[in-house]
Amino acid sequence: MARTVIITGTSSGVGLYAAKSLVDRGWHVVMANRSVDKAEQAAQELGISPSSYTNLYIDLGDLVSVREFVKQFRDTGKSLDALLCNAAIYMPLLKEPKRSSEGYELSMTTNHLGHFLLCNLLLEDIKHSGSPDPRVVILGTVTHNPDELGGKIPPRPDLGNLEGFEAGFRAPVSMIDGKKFESVKAYKDSKVCNVLTMRELHRRYHELTGITFTSLYPGCVADTPLFRNHYPLFQKLFPIFQKRITGGYVSQELAGERVAAVIADEEFKQSGAYWSWGNRQKKNRKSFVQTVSPQAQDDEKAERLFDLSAKLVGLT
Ligand code: NDP
């Protein structure tokens with residue numbers, strides 16, 4: 001029987017190509033999208049066979065919707081082998097925070113809190129699936145790590161002492177460190193939270209459940225719609241810069257292939273690992289386990305982030 005994976009955000013980019021690659025490997029993909037029609041069209045355009053996927057609604061920026069999605073998924077009667085937390089928003093030009101219906105800053109909600117809730121709710125489903133090799137993968141990125149070339153450009157991520165989460169994360173608070181709103185930093189902070197979440201899920205649940213928890217940086221996929229809210233000139237020059245100057249560029253197809261491998265291949269069955277193919281892309285470059293940023297290595301912070309996030313999403 002085909003193994004089943006839930007992928008968030010398959011209407012474009014890395015998630016779409018990861019879905020295609022997993023279908024090509026014989027998996028059934030449950031596509032979790034806020035733009036269900038757009039995702040349907042994208043799947044058709046890429047030639048993904050309609051019988052190999054199920055397309056369900058989720059808005060990760062709305063925690064009620066995340067809970068509804070889990071109910072909808074359970075109604076399909078499918079057992080769950082893997083979860084891929086891929087969706088994200090990046091709104092670099094925003095001057096004032098947008099907020100979720102709960103009143104939380106929207107990029108942190110979509111990228112971290114929505115996925116945090118989804119992972120926690122679906123842990124039971126994955127645990128009881130009887131899968132021989134259950135996995136949870138959360139997308140990271142190089143910009144979470146100021147020690148890497150791609151992470152050096154300011155503003156750098158800084159979760160502070162989680163003062164913003166501690167204070168309830170509602171207006172006037174908009175940043176996890178309780179400081180002034182900075183849209184680019186909000187995205188980077190959320191990606192540090194993604195890596196910390198993966199590491200804490202591993203620490204709490206790997207031995208208990210046998211689930212492999214991992215994260216990865218698939219390379220700089222400079223031409224996905226992730227950058228659609230940036231200046232048009234940036235959108236034009238960024239891929240050229242990554243291709244010709246930094247050498248960091250990877251195609252959406254290759255990034256999707258890498259993500260699919262981390263979900264499915266034996267060599268990536270190493271819980272707690274953060275996988276990378278390096279900053280400079282070379283033909284046939286091999287993957288390796290990369291050290292995460294000093295903040296993302298902080299076990300005490302991971303534990304507190306987990307507990308505060310659980311409170312904010314209504315799990316405790
Ligand atoms: P895209 O913008 O192409 O894809 C993002 C996906 O997330 C889209 O399907 C989008 O749907 C979906 N999404 C956004 N908001 C929500 C929401 N509220 N609820 C449900 N789905 C939502 O970006 P990428 O493919 O580039 O990014 C995918 C992942 O890869 C992200 O986690 C990103 O951080 C990571 N990454 C990207 C890199 C890059 O260079 N591009 C590098 C390293 C990591 P919709 O069409 O409705 O907006």
Side-chain angles (χ1 to χ4, degrees), residues 6-20 31-43 55-66 68-69 84-92 98-102 104-115 117-118 137-145 148 150-151 157 184 186-195 197-198 215-230 234-235 238-239 241-243 246 248-256 258-259 262 274-279 281 290:
I6 292 176
I7 306 181
T8 62
T10 67
S11 62
S12 63
V14 178
L16 173 63
Y17 282 86
K20 165 91 169 98
M31 301 178 170
N33 285 290
R34 65 173 170 178
S35 318
V36 174
D37 292 346
K38 188 173 154 194
E40 190 63 41
Q41 198 182 334
N55 198 355
L56 300 180
Y57 177 78
I58 193 171
D59 180 356
L60 285 153
D62 174 357
L63 301 174
V64 175
S65 165
V66 173
E68 290 290 322
F69 168 83
L84 172 57
C85 297
N86 162 79
I89 49 169
Y90 176 52
M91 299 180 292
K98 286 192 174 182
R99 294 196 179 266
S100 72
S101 49
E102 294 82 16
Y104 303 147
E105 191 280 321
L106 195 58
S107 36
M108 182 58 86
T109 309
T110 307
N111 304 354
H112 166 58
L113 291 172
H115 280 131
L117 178 60
L118 187 66
V137 177
I138 309 177
L139 259 289
T141 179
V142 71
T143 51
H144 97 272
N145 191 351
E148 294 287 325
V184 174
Y187 171 80
K188 293 181 182 180
D189 286 351
S190 73
K191 299 309 284 186
V192 177
C193 291
N194 286 156
V195 180
T197 299
M198 177 280 286
S215 185
L216 75 150
Y217 172 57
C220 184
V221 207
D223 49 11
T224 73
L226 187 67
F227 306 100
R228 77 192 120 179
N229 297 315
H230 219 307
F234 176 92
Q235 292 176 47
F238 189 51
F241 177 71
Q242 291 294 344
K243 279 177 192 167
T246 68
Y249 174 83
V250 292
S251 67
Q252 299 182 43
E253 199 168 11
L254 179 56
R258 287 174 172 175
V259 173
V262 175
Y274 179 88
W275 294 98
S276 175
W277 285 256
N279 287 321
Q281 303 300 319
Q290 193 170 40

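For reference, positions follow the sequence shown, starting with 1. One-based numbering, in listed order, for ligands and for the atoms of each.
The distance from ligand 1 to the heavy atoms of Y217 drops below 4.0 Å at these ligand atoms: 42 (C), 43 (C). Listed by atom number, the atoms of ligand 1 under 4.0 Å from G61 heavy atoms are 18 (N). Residue G140 has at least one heavy-atom neighbour below 4.0 Å for each of these atoms of ligand 1: 43 (C), 44 (C). Atoms of ligand 1 lying under 4.0 Å from any heavy atom of I89, numbered from 1 in the order shown and given with element: 14 (C), 15 (N). Against a heavy-atom cut-off of under 4.0 Å, I58 is close to the following atoms of ligand 1: 19 (N), 20 (C). The G13 neighbourhood of ligand 1 comprises atoms 3 (O), 25 (O), with distances under 4.0 Å to a heavy atom of that residue. Taking a cut-off of under 4.0 Å to the non-hydrogen atoms of G9, the atoms of ligand 1 that pass are 6 (C), 7 (O), 9 (O), 12 (C). Of all atoms in ligand 1, listed by their number and element, those nearer than 4.0 Å to a heavy atom of C220 are 40 (O).
A heavy-atom separation below 4.0 Å is found between F227 and ligand 1. For G219, the closest heavy-atom approach to ligand 1 falls below 4.0 Å. The closest approach between any non-hydrogen atom of T8 and ligand 1 is not below 4.0 Å. At least one heavy atom of R228 sits under 4.0 Å from some atom of ligand 1.
S190 and N111 share a side-chain donor-acceptor pair at under 3.5 Å. Using modelled atom types and a 3.5 Å distance limit, the side chains of N145 and Y217 yield no donor-acceptor pair. There is a side-chain donor-acceptor pair under 3.5 Å between H115 and T8. No donor-acceptor contact under 3.5 angstrom links the side chains of S215 and N194, judged on distance only.
With hydrogens and angles disregarded, a donor-acceptor distance shorter than 3.5 Å links the side chain of H144 to the backbone of T141. Distance alone, capped at 3.5 Å, places no donor-acceptor pair between the Q242 side chain and the C220 backbone.
For the pair C193 and M108, the minimum side-chain heavy-atom distance is below 4.5 Å. Within the 4.5 Å cutoff, side-chain heavy atoms of Q252 are placed close to those of D223. Considering only heavy atoms from C-beta on, D189 stays 4.5 Å or farther from H112 through its side chain. You'll find the side chain of L118 reaches within 4.5 Å of the side chain of I58, heavy atoms only.
Proximity annotation for atom 25 (O) of ligand 1: of V14, V66, T10, V14 comes nearest, heavy atoms only. Residue nearest to atom 46 (O) of ligand 1, selected from K38, K188, Q252, Q242: K38 (by heavy-atom distance). Of the listed options S11, P225, P239, S11 places a heavy atom closest to atom 45 (P) of ligand 1. Of the candidates R34, M31, H115, R34 brings a heavy atom nearest to atom 15 (N) of ligand 1. By heavy-atom distance, the residue among A255, A88, A18 lying nearest atom 5 (C) of ligand 1 is A88.
Considering all non-hydrogen atoms of both residues, S107 and Y187 come closest at OG-N, 4.5 Å.
Scanning all protein heavy atoms for the shortest distance to atom 1 (P) of ligand 1 gives S12 OG, 3.5 Å. Scanning the protein heavy atoms around atom 35 (C) of ligand 1, the nearest turns out to be L139 CD1, 4.0 Å. Considering only non-hydrogen protein atoms, atom 43 (C) of ligand 1 sits nearest to T141 OG1, 3.4 Å. In this structure, atom 2 (O) of ligand 1 lies nearest to the protein heavy atom L226 N, 3.1 Å. Scanning the protein heavy atoms around atom 28 (C) of ligand 1, the nearest turns out to be N86 OD1, 3.1 Å. At the shortest separation from atom 47 (O) of ligand 1 among protein heavy atoms lies S35 OG, 2.5 Å. Scanning the protein for heavy atoms near atom 33 (C) of ligand 1, the closest one is Y187 OH, 3.6 Å. Looking from atom 41 (N) of ligand 1 to the surrounding protein, the closest heavy atom is V221 O, 3.1 Å.
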Practice task
In sequence, state the C-alpha distance, the side-chain angles, and the governing distance for S100 and D62, and then conclude on side-chain contact (heavy atoms from CB on, under 4.5 Å).
Solution key: CA-CA 6 Å; S100 72; D62 174 357; over 6 Å; no
Exercise for the section: Just do the side-chain hydrogen bond (donor to acceptor under 3.5 Å, both in side chains) check on N279 and T246 with the steps written out, would you? Expected result: CA-CA 8 Å; N279 287 321; T246 68; over 6 Å; no
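Expressed to the nearest 0.5 Å, how far SG of C85 lies from CE of M198 amounts to 12.0 Å.
Other residues, nucleotides and ligands contribute only 12 or fewer heavy atoms inside 6.0 Å of the CD atom of E253.
In T110, the part holding a heavy atom less than 4.0 Å from any atom of ligand 1 is the side chain.
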